[in-house]
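Below is one structure, written out as structure tokens; comments come after it.
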Amino acid sequence: RDFNERCAQCSEVNWGLTDGGRYYCRSCHNVTERTREVVNTDFMTNSRVQTISKGLRKQEKTDGGCEWYVCEGFQLVLKKQAEALESLGVCPQMKDEILCNFWRCYLQKSKQAYCNRPAGETVKALSVCESSTDVDSEPERPSLVHSLSLSESEGDLQTDCSFASSMSKVSESTSVYSGSVDGSLYLMKNQKEKLRMTMPMTLSFCYMALLWLREPITLSELLRFVVEGHIPYLNIFQHFPEKMKLCGLDLKIFCVESWPVYEEVHNKMLELAAFLELPRFPDITDSCFLHPDMLCIKYLMEANLPDELHNWTCRVVKKIGIGEVDFLTLVPGNKSTRKVKYDILAAAVIVVVLKLLFLLDDHYEWLLSDFAEERNKNNKEGGPYFELKKWYEVVKHSLDVEQKKLDEERAKYVWRCEKPLFYSVKNKSKVLKRRQIVVNLQNQFGKLSGSVRRAEKPNPSSFQLSWSEENTDGSCFHGHNLKGILQEKSGLLKAMNPDYWLCTVKLCNEKLCGHLAHYREVDFPQSYHFVLRLFSFLLRIPPSYIHDEVCMIEHKLFNKKLYKKLKYNTVLRK
Amino acid sequence: SSDEHKLNFKKSKEACLNYIQDAMLQKQWKRAAEFLTFYAESLEKDYSREHIGPSEMIWRIGTEILCHHSHSSMKEFSCFIEQMKTLGVKRYLKVCLEHVFHLLCNGQIDEAYQSLSLAESWRFGEQTAIQDKEMKLIQAYRGLLDYYSWSKQKNILLEHGLDGFADLSVEQEMHSCFRKAAMNLKEIIKIPGVWDLFVKCYVDLLEFYGDHNEAHQVLNEYAYNSRFPANPNAHVYLYQFLKRQGKSKKSLISALKILHDIVPSHELMIDFNTMLQKSKKRKKRRLGLEVIFAALDYAGSKENVKAWSCLARQVKQIVISEKHLDWIKQEWNSRKDWWPAFHFSRYLAKRNWQENKSLSYEKALVAGILLGKDCKYFKYVSHQGCKAQVKRFRMLKKFVNRHSPVYLRISG
């Protein structure tokens with residue numbers, strides 16, 4: 001891309017980025033010491049560059065706060081999130097190298113901080129900054145922005161006219177009031193141009209980094225951990241140092257009142273990857289956690305389905321080519337390929353397999369189940385035959401219990417935290433008074449509610465439903481076999497079920513209406529809805545997302561037949 | 001729907017509210033309290049566009065929970081209410097009033113009085129004018145409590161008075177209570193509304209101190225001023241007052257006239273008929289018949305001996321005089337289709353005879369005249385009565401037999 005030097009070893013110009021953010025020659029795999037840097041010299045002519053040097057920065061304001069910029073705030077957020085992920089088991093490389101580099105790249109690209117530093121020096125400075133846990137102790141508060149400034153030419157105060165005037169604008173007008181220096185400017189910026197940073201985007205950053213490292217956390221899991229409180233997101237300003245006062249428009253930027261939506265985070269991630277002009281992500285091979293074969297194992301276990309079904313999921317994956325490296329690996333900016341949502345894809349594969357084997361038309365699957373039940377009566381040796389009916393009863397019961405718990409949890413969610421927020425100094429006393437009343441009410445009625453105050457949040461776990469083979473009540477179906485529903489034909493195991501119904505005959509144009517299909521519960525069999533509901537719960541996404549993927553898979557799977565049919569239809573019309 | 005999965009503050013609190021409602025409907029107060037603790041933080045968010053904001057919700061829900069929860073005390077309740085008062089200045093007086101009602105229901109009269117006094121002295125810019133109605137109510141209820149104090153002291157004095165022991169301070173206090181009560185009660189009843197309790201108390205005060213004119217005027221206003229909603233009780237109070245004052249029959253009758261129009265089934269209709277029957281004016285007597293027939297149209301009067309005796313008396317009198325039989329015919333016309341089954345079935349004949357001989361007597365007379373001597377009711381009762389050798393029943397039988405042609409003329 002912007003690195004146009006010839007390789008020292010082979011004289012080719014064919015660069016890629018290592019995980020560490022260093023350039024390496026693709027032809028001869030020579031790794032350089034060069035890291036990404038801005039080569040263009042546009043900054044000189046760009047009058048809108050904000051250069052913050054030591055001289056301009058006022059350290060202390062009258063109320064004990066200091067000046068801070070919105071991007072500094074977001075940097076802190078990302079840091080906290082990365083630390084949380086690290087404590088969940090993600091490798092430290094994510095925080096120290098990947099996320100850090102992505103962020104730096106973003107700042108460069110969005111010109112929020114000008115960056116021109118000698119190669120090698122920055123990384124050190126950044127990791128000092130990123131990994132320093134005690135920002136307050138630094139007497140001079142070296143912030144990211146500071147270290148990114150021209151360290152040599154400190155003397156030249158690059159007082160940019162527009163910058164200085166915008167500074168005074170902020171302090172003068174009360175309507176664009178914010179604790180941060182550029183809060184109001186930030187909100188006024190043109191979104192499309194520079195991919196303005198938002199709180200949901202912090203999660204996009206995290207996910208992007210996780211994907212780059214191919215960590216075993218899916219996006220749905222990440223979002224679930226956020227909601228469960230293991231990753232800071234809501235009320236993140238609690239973690240801001242005392243000096244960084246948050247008020248006015250900052251609240252609009254940093255205080256969220258809704259949980260991040262899967263699709264939004266995912267789409268932003270893709271936008272971000274393209275914006276940062278990242279190269280092809282590291283390959284998702286079949287030994288990766290995110291590969292559908294691997295994820296299917298996890299989801300089959302969690303759904304309490306027989307392990308044998310894994311053979312079938314692998315067959316489907318192979319048949320339609322969704323296990324291929326090129327299909328799965330993210331290539332930013334490439335608009336032609338549909339972007340893969342690994343978790344949803346795997347869940348959808350399982351749904352398709354269930355449809356293949358059981359039909360799920362609210363009729364056939366129960367017949368099969370009765371059939372298996374009969375055979376189980378005489379079955380003395382080998383494992384039990386899998387009976388869908390029993391499975392349904394067990395899983396439905398657990399699902400209903402968990403769903404009910406989840407619904408109550410959602411209603412009981414505590415959005416505010418102890419640290420109060422005020423839009424302006426004027427309404428500070430009002431806010432504090434209200435808070436006091438709320439606390440009093442909580443105490444008074446808390447005593448009347450009889451139960452102890454909720455225990456600490458549960459430990460983060462990858463599995464929400466667990467089934468143990470040791471249970472003698474037969475509630476675990478992992479080891480059951482599928483003999484009851486399969487038949488052997490010329491050495492191959494085939495499903496007894498000869499039929500299949502397509503979720504939709506024609507796919508919508510995703511670009512136009514946003515979806516491949518439109519799911520309505522009433523239009524489909526209840527068994528199908530149940531299966532969607534199960535995975536919808538596990539992934540915390542609407543059933544329609546999974547339905548979309550199912551449609552996509554089915555159309556790939558039955559492509560030939562569909563194509564024939566369409567062709568036949570067109571021939572007829574002629 | 002995918003909307004269900006988008007969880008934000010507002011939706012979360014809506015869901016929370018649903019859980020609270022469910023718990024309250026099922027009287028699970030602990031659970032309701034639990035969810036209320038999570039709902040509380042919606043106070044910190046701006047809901048100015050909603051019809052009912054969280055502060056009002058919390059006030060109402062919290063009140064319900066505290067009323068019913070086994071572990072809550074009046075002290076806790078008062079503490080809660082004090083907080084609620086600070087939350088919504090537009091509702092301040094309303095909250096005060098409801099708190100007072102709650103205290104009264106729990107027998108805490110003194111605390112209620114204090115609360116009312118405190119509320120009366122509340123001032124808050126233009127809100128004071130806006131909440132003028134609530135303020136009047138607060139003053140009225142304080143007046144009411146003053147009345148009760150007065151009443152208590154009056155009783156003390158009367159008792160001691162009999163003993164020949166007069167307490168000057170009690171008397172003075174009593175008069176002071178009277179003044180306070182009278183002032184406030186007078187004010188509220190000026191405003192169109194239903195103020196039965198206030199009116200009664202005020203009139204009681206006035207009568208005690210001998211201001212009958214004022215009392216009369218107050219009751220007249222209450223009953224006849226068209227700005228006030230139609231209220232049967234107003235007429236009842238007026239009638240009772242006039243009766244106490246020994247006013248003329250004419251005024252008593254005119255007082256009950258509207259009551260007959262509004263509530264034909266009222267128990268006072270019996271008195272009304274009694275007065276009308278005795279009147280010299282034909283029109284009045286005619287009205288009397290109408291009144292008593294109308295009163296007996298209602299199930300509530302079915303077993304009212306007095307009502308039946310009134311009707312029987314008047315019917316008998318008409319039959320004997322042989323004048324105005326057409327009156328009976330007119331009244332009977334609209335009733336002949338359903339009164340037989342309603343009042344004069346064989347089943348009722350048996351039951352009335354068993355339970356209440358007098359009732360059956362009166363009814364038998366009426367039945368005999370209206371339906372003839374061969375009707376089920378009359379036949380059964382008179383037969384039973386004669387069998388039991390009760391004199392009046394024999395007389396009854398004779399009477400009806402003698403006047404049996406009348407039936408033909410009525411029914412014709």
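Residue numbering restarts at 1 for every chain, and letters A, B, ... go by the order of the sequence lines.
Residues F101(B) and Y141(B) place their aromatic rings such that the two centres sit under 6.0 Å apart.
Atom CD of Q238(A) has more than 12 heavy atoms from other residues, nucleotides or ligands within 6.0 Å. Counting heavy-atom neighbours within 6.0 Å of K339(A) NZ, excluding the residue itself, gives a total above 12.
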Quiz item: Does the side chain to side chain contact (heavy atoms under 4.5 Å, CB included) test come out yes or no for E34(B) and Y19(B), once each step is laid out?
Solution: CA-CA 10 Å; E34(B) 187 190 350; Y19(B) 279 104; over 6 Å; no

Quiz item: Given K268(A) and E271(A), is the salt bridge (charged side-chain N to carboxylate O under 4.0 Å, His left out) satisfied, shown in steps?
Solution: CA-CA 5 Å; K268(A) 270 289 187 279; E271(A) 256 188 81; 3.6 Å; yes

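Only the side chain of H69(B) comes within less than 4.5 Å of a heavy atom in chain A; its backbone stays farther off. N443(A) does not touch chain B: none of its heavy atoms, backbone or side chain, sits under 4.5 Å away.
Closest approach of P200(A) and V265(A) over heavy atoms only: O-CG2, 4.2 Å.
Cation-pi check for K186(B) over Y202(B) is not met; the charged atom does not lie both under 6.0 angstrom from the ring centroid and within 45 degrees of its normal. Annotation: cation-pi geometry not satisfied between K447(A) and F445(A) (NZ/CZ under 6.0 angstrom from ring centroid, within 45° of ring axis).
Contacts between residues 105-133 of chain B and chain A, defined by a heavy-atom separation under 4.5 Å, are made by no residue at all. Residues from residues 74-100 of chain B that place a non-hydrogen atom less than 4.5 Å from a non-hydrogen atom of chain A comprise E76(B), F80(B), Q83(B), M84(B), T86(B), L87(B), given in numerical order.
By the side-chain contact (heavy atoms from CB on, under 4.5 Å) test, E402(A) is found to be paired with K405(A), L465(A), F537(A), residues two or more places apart in sequence or in another chain being considered.
Residue pairs satisfying the salt bridge (charged side-chain N to carboxylate O under 4.0 Å, His left out) criterion with at least one member in residues 512-525 of chain A, sequence neighbours excluded, are listed as follows: R520(A)-D523(A).
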